[in-house]
Amino acid sequence: VKFTLTFSEAVDNLDVSDFEIKSGGATGSVNAVAPGADEFTYSLTVTLIQASGILDIDLAATQNLADKSGNALTELVPSSEETYDFSNQPSSVSTALPTQLFAGQKLNISLKTTDPENHNTHITRVSLPDWLSLNAPKVSTVVGTDGTGERDGRESPILMSPTGTALDNDGNLYVLGNNKIRKVTPDGLVTTLAGAGAGDANGTGTEARFAGVAQIIFAPDGFLYVTELGNNKIKRVSLNGEVTTFAGVGVGGQDGDLSVASFHGPRAINYHDGKFYISDKNGLRVIDGDGKVSTLSLLDQDSNPFTFPEILDFAVTSDGSIYVGASGDGIVHKVGTDMKVSVVAGSIGGDKDGKALEAQIGSIIALELDARGNLYIADATYRKIKRLDQQGNVLTIAGNGNYGFQDGDPAQAEFRNVNDVLFVEGGYLLICDWSNRRIRRLDLFPSLSGEVPDDISGGVMSITFNLTDALGLSRNQ
């Protein structure tokens, strides 16, 4: 929280020791003091950690203030005292833990957390049985290995140029790439669902042909939808591999009924509130529940028409706003429900974490939202995964920037060409690593793992964690 303090005389030599926080049960610290817009004002930055209360910032009893001539101040205007009413509730573990354990039982449980203010939470161990481990999030490989060509099966399946992923309701993973859709069952069996090389043909299984596949989603109607850059179409695919054309008649930007609507290089696709959202070289297109195609008319902040360069990816929020990543820069734009476009993160420069508008992102290739409203950003230039949180901070959560392949610690993980990110409700991201021919998994939460010993005794077993939110509010659970 930032405050501006105004004094009745010009002041200098203020520092954090000149202030204290008191009253209302509020706790925290004054961690920055800086000159304001003129010699009568100062900017004060405070970190709050108390759960709730009234924050009262006043001059400390040990104040040592002087005016520009070195004379001590004896009078301050009322605005030198600021009050801020805030509420910050503690985080909690939301994962349901087993109520019964059996000898030999193997546990691997993702510890998801909830926070009333949507803060990201850090979990540490307080007390656990010796046979249980609290594991930090990691990067791992879900499917794919080095090799040439393509190979189905369970043993070392080989992917080629994966560009997108989708999950159905039964946990089957669908990988789009090389003009095919591969299916990966929960137990690791890889098969080809549809496609057999470049072309444009409907049909079932290998009868179907795609060209320039870009993204794939699983929609609530139980079908997969695929965008084709090469054919300027959106194809619908059943879970038994039957492919039909859903939208796209020729190359262009014609709106209207699906029977006449055309697209030019459809790339990204999302589904929200009964509508399909698709990006192409015409902008953001919408297919409503009645099969009508329209193009969103975007505006800048002065209500003038606004046009993006080619949109590489976008993500639709719960209220219908749209985060957009366009080619050629590292700027995250947001399209409000009023169709006005604003910049919410990123600045031209390089690779730097920090406050949203001060952070630097090389180039955005993929965007994805999680259930809390955190936005995940794949940076194609620096080969990193970044997170824009609800408090307006951009933080690198995976990738050391090197061009390579390395699983394990997210800070040391290496990617080559990330080009799609999918959030999974289990608490992780699936990442298409195109040049590494792999689908990678990035855990968003720590996990509990271990094997129940044979000599486990009856009774109640206690497990305690410490949870600390982004503002420093800490509790044991």
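One-based numbering along the sequence shown.
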Worksheet item: Salt bridge check: are Arg475 and Asp469 linked by an N-O gap of less than 4.0 Å?
Response: no
Exercise for the section: Test Leu444 against Leu429 for side chain to side chain contact (heavy atoms under 4.5 Å, CB included), laying out the working first. Expected result: CA-CA 7 Å; Leu444 300 177; Leu429 300 178; 4.0 Å; yes
Report task. Before accepting this row, confirm whether a basic side-chain N of the pair Lys386/Asp351 lies closer than 4.0 Å to the acidic partner's carboxylate O. Result -> yes
Donor-acceptor contact below 3.5 Å, side chain Thr145 vs main chain Ser156:
no
For Arg267 and Leu312, the nearest pair of non-hydrogen atoms, with its separation, is CD-O, 3.4 Å
Looking only at side chains, do Asn179 and Glu228 share a donor and an acceptor under 3.5 Å apart? no
- Message: Between Asp353 and Arg387 (salt bridge meaning N to carboxylate O under 4.0 Å), is one present in this structure?
- Response: no
Practice task
Find out whether Val142 and Leu173 are in side-chain contact, i.e. whether some heavy atom of one side chain is under 4.5 Å from a heavy atom of the other.
Solution key: yes
Discussion item. Check the orientation of Phe276 and Tyr271. Use parallel for under 30°, tilted for 30 to 60°, and perpendicular for over 60°.
Written reply: perpendicular
Using a strict cut-off of less than 4.0 Å between a Lys/Arg side-chain nitrogen and an Asp/Glu carboxylate oxygen, indicate whether Lys340 and Asp300 qualify as a salt bridge. no
Note, His264 side chain near Asn232 side chain (heavy atom, < 4.5 Å)
yes
Return yes if some donor-acceptor pair links the side-chain N/O of Asp288 with the main-chain N/O of Asp290 below 3.5 Å, else return no.
-> yes
*For residues Thr204 and Val243, determine if any side-chain heavy atom of one lies less than 4.5 Å from a side-chain heavy atom of the other.*
no
Looking at the rings of His333 and Tyr323, which for Trp means the six-membered one, are their centres under 6.0 Å apart?
no
Worksheet item: Any donor-acceptor pair under 3.5 Å linking the side chain of Gln390 with the backbone of Gly373?
Response: yes
All heavy atoms of Thr121 vs all of Ser91, minimum pair found to be OG1-OG, 2.9 Å
- Dump the intermediate steps for side-chain hydrogen bond (donor to acceptor under 3.5 Å, both in side chains) on Asn135 and Ser133, then the final yes or no. CA-CA 6 Å; Asn135 310 301; Ser133 298; 4.7 Å; no
When every non-hydrogen atom of Leu128 is compared with those of Ile463, the smallest separation belongs to CD2-CG2, 3.1 Å
What one should report as the nearest heavy-atom pair of Asn466 and Val126 is N-CG2, 3.6 Å
Please report the C-alpha distance between Thr464 and Ser127 in whole Å, then the side-chain angles of each, then the deciding distance to 0.1 Å, and finally whether the side-chain hydrogen bond (donor to acceptor under 3.5 Å, both in side chains) criterion is met. CA-CA 5 Å; Thr464 305; Ser127 64; 3.2 Å; yes
Do the side-chain N and O atoms of Asn417 and Asp433 include a donor-acceptor pair separated by under 3.5 angstrom? no
The reported gap from CD1 in Ile322 to CG in Leu369 (rounded to nearest 0.5 angstrom) is 11.0 Å
Taking the side chain from Asp443 and the backbone from Phe445, do they hold a donor-acceptor pair closer than 3.5 Å?
no
To the nearest 0.5 Å, atom NZ of Lys384 lies from atom OG1 of Thr396 at 4.5 Å
In this structure, CG of Leu176 is separated from CD1 of Ile217 (nearest 0.5 Å) by 12.0 Å
Which atom pairs, one a donor and one an acceptor, fall under 3.5 Å between side chains of residues 355-364 and the rest of the protein, sequence neighbours left out?
residue	atom	partner	partner atom	Å
Lys355	NZ	Asn393	OD1	3.2
Gln360	OE1	Gly350	N	3.0
Ser363	OG	Thr381	N	3.3
Ser363	OG	Thr381	OG1	2.6

(request) For Lys138, look at atom NZ and say whether over 12 heavy atoms of other residues, nucleotides or ligands are found less than 6.0 Å away. (result) no
Under a 3.5 Å threshold, yes or no: a donor from one side chain and an acceptor from the other, between Asp221 and Tyr225? yes
Are there more than 12 heavy atoms of other residues, nucleotides or ligands under 6.0 Å from atom CG of Asp187?
-> yes
| Hey, are the side chains of Ile439 and Ile431 touching, using non-hydrogen atoms and a 4.5 Å cut-off? | no
| said: Whether the side chain of Asn270 engages the backbone of Phe314 through a donor-acceptor N/O pair (distance < 3.5 Å, no angle test) should be reported. | reply: yes
### Query
Is a donor on one side and an acceptor on the other found under 3.5 Å between the side chain of Asp379 and the backbone of Arg383?
no
Which of Gln477, His122, Arg372 passes side-chain contact (heavy atoms from CB on, under 4.5 Å) with Thr113? Answer is Arg372
Tightest non-hydrogen contact, residues Ile158 and Gly149, listed as CG2-O, 3.2 Å
Run the side-chain donor-acceptor check on residues 401-410: report pairs under 3.5 Å with partners two or more places apart or on a different chain.
residue	atom	partner	partner atom	Å
Asn402	ND2	Glu414	OE2	3.3
Asp407	OD1	Arg440	NE	3.0
Asp407	OD1	Arg440	NH2	2.9
Asp407	OD2	Thr141	N	3.2
Asp407	OD2	Thr141	OG1	2.8
Asp409	OD1	Ala411	N	3.1

Test item: Ser262 side-chain N/O and Gly253 main-chain N/O as donor-acceptor pair under 3.5 Å
yes
Is any side-chain heavy atom of Ile397 less than 4.5 Å from a side-chain heavy atom of Tyr376? yes
| query | Under 3.5 Å, is there a donor-acceptor pair linking the side chains of Asn240 and Ser238? | reply | yes
Check: Val324 and Val332 side chains under 4.5 Å, non-hydrogen atoms:
no
Closest non-hydrogen contact found for Ala371 with Phe423 is N-CE2, 3.6 Å
Requested in this report: I would like to know whether Phe223 and Val237 meet side chain to side chain contact (heavy atoms under 4.5 Å, CB included); could you show each step before the answer?
Outcome: CA-CA 6 Å; Phe223 288 87; Val237 185; over 6 Å; no
For the residue pair Arg182 and Tyr174, would you count it as a cation-pi contact if the rule is NZ or CZ under 6.0 angstrom from the ring centre and within 45 degrees of the ring axis? no
*Take Asp200 and Lys235 through the side chain to side chain contact (heavy atoms under 4.5 Å, CB included) test and state the conclusion after the steps.*
CA-CA 10 Å; Asp200 183 12; Lys235 299 282 182 67; 3.2 Å; yes
- Sub-4.5 Å side-chain heavy-atom contact between Leu107 and Trp131: yes
Rounding to 0.5 Å, atoms OG1 (Thr165) and CG (Leu422) come to a distance of 4.0 Å
Query raised in the report: Has the side chain of Ser279 got a donor or acceptor atom that lies under 3.5 Å from a matching backbone atom of Gly283?
Result: no
| query | So, is the end of the Arg236 side chain (NZ or CZ) under 6.0 Å from the ring centre of Phe246 and within 45° of the ring's axis? | reply | no
To the nearest 0.5 Å, atom CG of Asp146 lies from atom CZ of Arg437 at 8.5 Å
_Using a 3.5 Å distance criterion without hydrogens, assess whether the side chain of Asn282 forms a donor-acceptor pair with backbone atoms of Gly252._
yes
(request) May I ask you to test the Glu310-Asp280 pair for a side-chain heavy-atom distance under 4.5 Å? (result) no
d(Ser447 OG, Ile109 CD1) to nearest 0.5 Å is 9.0 Å
- request: Without swapping roles, check the side chain of Lys112 against the backbone of Glu425 for a donor-acceptor pair under 3.5 Å.
  value: yes
